[in-house]
Amino acid sequence: MKLGELLEGVEYSLEGSKKAKDLEVTDVTNDSRKVIPGSLFFCIPGAVRDGHDFAPDVEAKGASVLVIEHDVKLAHPEKMVLVRVPSARRAMALIAANWYHHPARQMKMIGVTGTKGKTTTTYLVRSVLLDAGIDTGLIGTIESAWHDHHIPSGNTTPESLALQKTLRQMADDGVKAVIMEVSSQALMLERTAGILYDIGVFTNISPDHIGPNEHASFEDYMHCKGLLFQQCKVGIVNGDDPHLAEVLSGHTCSVETFGLNPVDNLYATDMELIKKPGELGISFHTHGKVELTAQVPTPGSFSVYNALCAIAICTHFDVTKQEIEESLKSAHVRGRIEMVKVSDEFTLMIDYAHNAVALESLLTTLREYHPHRLVTLFGCGGNRSRLRRFEMGEVSGKLSDFTIITSDNPRFEEPMDIIHDIETGMKKTDGKYVTIPDRKEAIAYAIHHGEKGDIIVLAGKGHEDYQEIKGVKYPMDERVLIREILEEDRKEQKA
């Protein structure tokens with residue numbers, strides 16, 4: 001593709017030959033290892049390394065164009081075309097969209113942002129749309145998925161080059177709609193620049209992702225979430241969130257609300273808890289934009305909000321009320337309040353709750369089902385904030401009848417050091433607990449000591465199928481561990 005075509009929509013100044021726009025570019029990349037002769041290379045300033053430092057390397061490999069924010073050192077600058085831009089990240093996103101011929105324009109695009117509920121909402125919507133015969137792709141925290149493709153995710157929202165490549169593959173494979181999680185980091189770093197979403201979605205917001213390498217403040221976090229509503233046609237938002245006005249500040253889209261109040265465009269009433277052996281759920285009626293009776297196999301009011309959000313999105317597609325009702329009854333999301341049947345006596349579930357806010361929300365919800373005991377098993381990740389460990393220990397100590405403290409992803413820390421930090425928070429409460437560092441042994445302990453009417457939560461790992469120890473990711477899937485434990489129990493009983 002010619003450089004002039006790649007630069008359409010980009011704010012830039014050109015340094016080089018007057019005929020530079022006619023230069024044929026062979027590839028676009030921000031990875032110096034992937035440069036081939038004729039490549040365009042993006043010099044991206046990063047938290048650890050500055051892509052501008054790689055200019056001499058990519059020059060030597062035959063790159064013909066550099067996208068830069070500031071001066072670079074080159075052996076033969078007269079042979080290189082320099083594209084100077086205010087933001088290399090934004091330029092990369094726009095050029096990526098041009099390089100892949102704007103695949104998002106060929107599909108109906110739905111972007112979902114929020115602190116909690118993004119993953120669940122995207123899976124619920126995809127389930128409904130697929131059941132209604134609408135070929136739908138998904139991009140998010142767990143995976144990018146369409147047809148038989150299931151590609152594990154590195155980021156909630158991929159970097160712009162990877163994102164546009166995936167969208168191109170989906171469009172070429174006949175996908176008609178894409179629902180994707182759009183993180184605040186992605187919006188801040190402009191990974192989705194160049195995409196005009198048909199629908200932008202806001203689930204909720206609470207303080208999270210605030211720190212040196214994330215957001216400077218809660219205000220900055222809200223601002224970045226709100227950027228989605230300056231690049232979509234219709235905004236579907238949680239009308240009950242107290243920070244909605246701040247998130248929508250500066251929005252350019254039309255707005256629809258969902259919630260639990262009649263002022264919302266779509267609202268729920270008559271919520272009833274559903275409790276069966278090995279299953280917890282909730283049912284409710286909707287009013288406003290569509291009237292139906294919904295039932296979902298996950299517990300609590302946040303499940304109502306997730307389902308309401310999904311229903312509101314699906315009203316923008318050719319989907320019947322009956323199709324929505326039937327799909328929601330059986331929709332499950334891997335690692336998000338995922339019920340695993342191990343006994344008729346008690347309920348066991350896997351959930352991704354890996355911070356105090358998420359764990360408190362989950363345990364408070366499960367308390368509403370009046371379990372005999374609420375048992376929580378969790379650990380905390382290494383090389384992360386120690387405050388999270390204290391907070392999670394305190395939350396579990398207050399809300400659980402019994403806690404099993406174990407290992408999560410210790411990374412480069414010693415598991416027992418992390419466990420001791422969790423205990424610090426736990427000891428602020430009267431909560432009973434035990435420490436079992438080996439996660440499989442901890443899960444076996446939870447299963448073997450389960451009592452009739454218990455709800456047992458395995459928190460923190462969710463969809464993850466590995467455990468990271470000293471830079472190595474070892475296979476570890478809690479579903480597999482549970483199967484192994486049950487099989488070992490059966491063998492012992494036969495012996």
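- The heavy-atom pair separating A307 from L328 by the smallest distance is CB-CD1, 4.5 Å.
- If you run side chain to side chain donor-acceptor pair (under 3.5 Å) between Y305 and each of N204, D240, T203, N238, only D240 comes through.
- Separating the OG atom in S217 from the NE2 atom in H223 is a distance of 10.5 Å, to the nearest 0.5 Å.
- In summary, R90 and E69 do not engage in a salt bridge, as defined by a charged side-chain N under 4.0 Å from a carboxylate O.
- Note on D421 versus R386: salt bridge recorded, some NZ/NE/NH1/NH2 to OD/OE distance being below 4.0 Å.
- Side chain of T26 to backbone of P37: a donor-acceptor contact under 3.5 angstrom is found.
- Heavy atoms from other residues, nucleotides or ligands lying under 6.0 Å from CZ of R479 number more than 12.
- The number of heavy-atom neighbours closer than 6.0 Å to NZ of K34, taken from other residues, nucleotides and ligands shown, is 12 or below.
- Between the side chain of T136 and the backbone N or O of I134 there is at least one donor-acceptor pair closer than 3.5 Å.
- At a threshold of 4.5 Å between non-hydrogen side-chain atoms, the residues L161 and N30 count as touching.
- Using a 4.0 Å cut-off between charged side-chain N and carboxylate O, R33 and D31 make a salt bridge.
- Using a 4.5 Å cut-off on side-chain heavy atoms (C-beta onward), E143 and I151 make no contact.
- Side-chain contact check for L14 versus R84: every heavy-atom pair is 4.5 Å or farther apart.
- Contact annotation: the side chain of L7 never approaches that of N98 to less than 4.5 Å [non-hydrogen atoms, C-beta and beyond].
- Here the side chain of D241 pairs a donor or acceptor atom with the backbone of I205 at under 3.5 angstrom.
- The environment of K176 atom NZ is sparse: at most 12 non-hydrogen atoms of other residues, nucleotides or ligands sit within 6.0 angstrom.
- Side chain of T115 to main chain of S206: a donor-acceptor pair is present (N/O by atom type, distance under 3.5 Å, no hydrogens or angles).
- Looking at M170 and I139, their side chains come closer than 4.5 Å, going by heavy atoms from C-beta outward.
- With a 6.0 Å cutoff to the six-membered ring centre and a 45° limit on the axis angle, K473 counts as a cation-pi contact of Y466.
- Separation of atoms OG1 (T298) and CZ (F302) is listed at 7.0 Å; rounding is to 0.5 Å.
- Using a 30° and 60° split on the angle between ring planes, H52 and H70 fall in the parallel class, below 30°.
- A heavy-atom distance below 4.5 Å is not found between the side chains of Y197 and V234.
- Under the 3.5 Å distance criterion, the side-chain polar atoms of T122 are matched with a main-chain donor or acceptor of T119.
- Using a 4.5 Å cut-off on side-chain heavy atoms (C-beta onward), D408 and C380 make no contact.
- The line from CG of N383 to CZ of F412 is 7.0 Å long, rounded to the nearest 0.5 Å.
- Using a 4.0 Å cut-off between a side-chain N of Lys or Arg and a carboxylate O of Asp or Glu, K461 and E464 qualify as a salt bridge.
- Within the structure, no pair that satisfies the salt bridge (Lys or Arg N to Asp or Glu O under 4.0 Å) test touches residues 51-66, not counting sequence neighbours.
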Let me see the working for H243 and F218 under ring-ring contact (aromatic ring centres under 6.0 Å, His included), right down to the final yes or no. CA-CA 11 Å; H243 301 290; F218 185 44; 5.0 Å; yes
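- Counting all heavy atoms, side chain and backbone alike, V85 lies closest to V10 at CG1-CG1, 4.2 Å.
- The pair K108-D198 fails the salt-bridge criterion, with no side-chain N (NZ, NE, NH1 or NH2) lying under 4.0 Å from an Asp/Glu carboxylate O.
- Once rounded to the nearest 0.5 Å, the distance linking NZ of K2 with NZ of K21 reads 13.5 Å.
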Apply salt bridge (charged side-chain N to carboxylate O under 4.0 Å, His left out) to the pair R411 and E468, showing each step before the final yes or no. CA-CA 5 Å; R411 299 188 176 91; E468 187 176 346; 3.7 Å; yes
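- Across N265 and T257, no two heavy atoms sit closer than the pair OD1-N, 2.7 Å.
- For the salt bridge (charged side-chain N to carboxylate O under 4.0 Å, His left out) with E478, the lone residue among R439, R334, R483 that qualifies is R439.
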With side chain to side chain contact (heavy atoms under 4.5 Å, CB included) as the criterion, how do I179 and V201 come out once you've worked through the C-alpha distance, each side chain's angles and the decisive distance to 0.1 Å? CA-CA 10 Å; I179 181 145; V201 181; over 6 Å; no
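- The two atoms that bring M109 and I195 nearest to each other are CE-CG2, 4.3 Å, heavy atoms only.
- Here D220 does not pair with K225 in a salt bridge; the nearest charged N to carboxylate O distance is not below 4.0 Å.
- Distance alone, capped at 3.5 Å, is enough to place a donor-acceptor pair between the T315 side chain and the A312 backbone.
- In terms of heavy-atom proximity, S396 sits nearest to T376 at OG-CB, 3.6 Å.
- Applying the salt bridge (Lys or Arg N to Asp or Glu O under 4.0 Å) test to every pair with at least one member in residues 245-259, sequence neighbours left out, gives these pairs: E256-K289.
- The OG atom of S183 sits 5.5 Å away from the CZ atom of R191 when rounded to the nearest 0.5 Å.
- Using a 4.5 Å cut-off on side-chain heavy atoms (C-beta onward), E159 and M92 make contact.
- D264 and G259 get closest at one heavy-atom pair: OD2-CA, 3.2 Å.
- Within the 3.5 Å criterion, the main-chain N or O of S249 finds no donor-acceptor partner in the side chain of H251.
- Screening R389, R384, K470 for a salt bridge (charged side-chain N to carboxylate O under 4.0 Å, His left out) involving E413 leaves a single residue, R389.
- The structure places OH of Y100 at 10.0 Å from OG of S160, a figure rounded to the nearest 0.5 Å.
- Under a cut-off of 6.0 angstrom, the local environment of CD in E11 is sparse, with at most 12 non-hydrogen atoms contributed by other residues, nucleotides or ligands.
- A donor-acceptor contact shorter than 3.5 Å is absent between the side chain of S127 and the backbone of A331.
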